[in-house]
Trainee: 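Questions regarding the structure given below will be posed in turn.
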There are 2 protein chains.
Amino acid sequence: MAQTATILRTGRKFDQVLEGAREVFLASGFEGASVDDIARAAGVSKATLYSYFPDKRLLFMEVARVECQHQADACLQMIDTTAPPRDVLKMAATRMLGFMLSEFGQRVFRICVAEADRFPDLGRQFYETGPKIVRERIKQYLQDAAARGEVRIDDYDLAADQFAELCKADLFPRWVFNIDPHFTPAEIDRVIDGAVETFMARYGV
Amino acid sequence: MAQTATILRTGRKFDQVLEGAREVFLASGFEGASVDDIARAAGVSKATLYSYFPDKRLLFMEVARVECQHQADACLQMIDTTAPPRDVLKMAATRMLGFMLSEFGQRVFRICVAEADRFPDLGRQFYETGPKIVRERIKQYLQDAAARGEVRIDDYDLAADQFAELCKADLFPRWVFNIDPHFTPAEIDRVIDGAVETFMARYGV
DNA sequence: GAATATATGAACCGGTCCGTTCAGTTTCAA
DNA sequence: TTGAAACTGAACGGACCGGTTCATATATTC
């Protein structure tokens, strides 16, 4: 009979399995990770693993779900939005790049892109629990700042997207294409300052 | 004895093999493409395929090499750089996005990201035969325009990178995260015009 | 301490895939 | 026409992988 293909959350070693899967999936992607590897990394027998998760795919989706949830939680801590625009933007840029350039952020991005065919919702889920939240925050801040007369913007959506993209100048191609994926603080500051400067040149009062 | 592991280019069906491999690799990536699929797509027996290429990996690398070469050739046709900056930038943006948003450009990008571990040089090769060439062209143009007093720029590298990133605002996240990867000309124009406007607000005289 | 739930590990199955082999066929040039 | 080079198709070995099974062992609960 068709057993309900859901996830069993009770049991002593559920968290071990999830943590091992997280580790191996992040390191090797979906296809590259074998279930035996995951069981070994989790310190658990394969039979135990399969007693919790009906198949590899659902295990992967659960790992992705939890990671996206963590990301969303981390995004909730925000910045002092009463400071001058240049300072707020600089803080926001620093935070965004901090995540984007982290080992973890890069791995997640790679997996989202690589598994886009196999898991069409993965990218969406990742975007909505991360970039989208940040984008909405920046947009909200820009609207408030405009009300205070600190900036003048016609298209808030585009402005927020532009700022996010400006922060990736130079850095993003370098790491995504594996050219020189090692950044000094000076290099990052150069990009952030340049992004703020360009953004304010267009939208500052 | 150790046969030299090089590629045999003579033979009637060499091009067929390469074309079949191109088709299947672009559609399915490296791991997703089976050698049997490629042989079938090429209309060639697997034995023939292996008489030309010592293994799947080298076949993939040769396909990537040829594609990157084509990309480099396509980049050589450039734009009328005597026009006003706004027009030149708009043309350049249209060309860049035309490639980036094309089915082919998107597939290549996905494969570069997905196979970054297996083929560390792939991303570099792709970058140097495409984005880098465009970047150098834009940089050169900006220097010429600055000499003509049309723009005022301190960091040409950063300016070129910023412009390229500005062109991706909104569009890039939407397709890379599979959110709404269908763009109307109006949406593209909005981004391009916004990119030119922001760029010129910062660097225009 | 007995009963029950949970975990083990090793073997196993069906499947896919890469790469090889080989006897037989087609192509092509001399 | 003849002979060598290129090609075919089908099969095969060996490796890996996802998922299952089961007899045994360990932990928990009453």
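The shown structure was predicted, so the numbers you read here are calculated from the model rather than taken from an experiment. By convention in this document, chain letters (A, B, ...) are assigned in the order of the sequence lines, proteins followed by strands, and residues within each chain are numbered from 1.
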Trainee: When you compare the side chains of Ser51(B) and Thr48(B), does any donor N or O come within less than 3.5 Å of an acceptor on the partner?
Mentor: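 No, no side-chain donor-acceptor contact under 3.5 Å.
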
Trainee: For a quick check, with a 4.0 angstrom heavy-atom cut-off, what is the B/S/- contact string for nucleotides 14-30 of chain C, read 5' to 3'?
Mentor: ---SBBBB-----SS--

Trainee: Can you check whether Phe60(A) and Phe119(A) have ring centres sitting under 6.0 Å from each other?
Mentor: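 They qualify: ring centres under 6.0 Å apart.
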
Trainee: Can you tell me if Met200(B) has over 12 outside heavy atoms packed within less than 6.0 Å of its CE?
Mentor: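 Count over threshold, so yes.
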
Trainee: What I want to find out is whether Arg22(A) reaches Glu67(A) closely enough, with some N-O distance under 4.0 Å, to be called a salt bridge.
Mentor: yes

Trainee: Salt bridge or not between Asp117(B) and Arg110(A)? Use side-chain N to carboxylate O under 4.0 Å.
Mentor: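 Result for this pair is no, no salt bridge flagged.
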
Trainee: For a quick check under 3.5 Å, do Tyr203(A) and Gln162(A) share a side-chain donor-acceptor pair by atom type?
Mentor: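 Looking only at side-chain atoms, Gln162(A) and Tyr203(A) do form a donor-acceptor pair, the distance falling under 3.5 Å.
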
Trainee: Using chain B heavy atoms and a threshold of under 4.0 Å, write down where along DNA chain D the contacts begin and end, 5' to 3'.
Mentor: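 Taking any atom under 4.0 Å from a heavy atom of chain B, the span is dA6(D) to dG9(D).
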
Trainee: Going by heavy atoms in the side chains, are Asp87(A) and Lys90(A) under 4.5 Å from each other?
Mentor: no

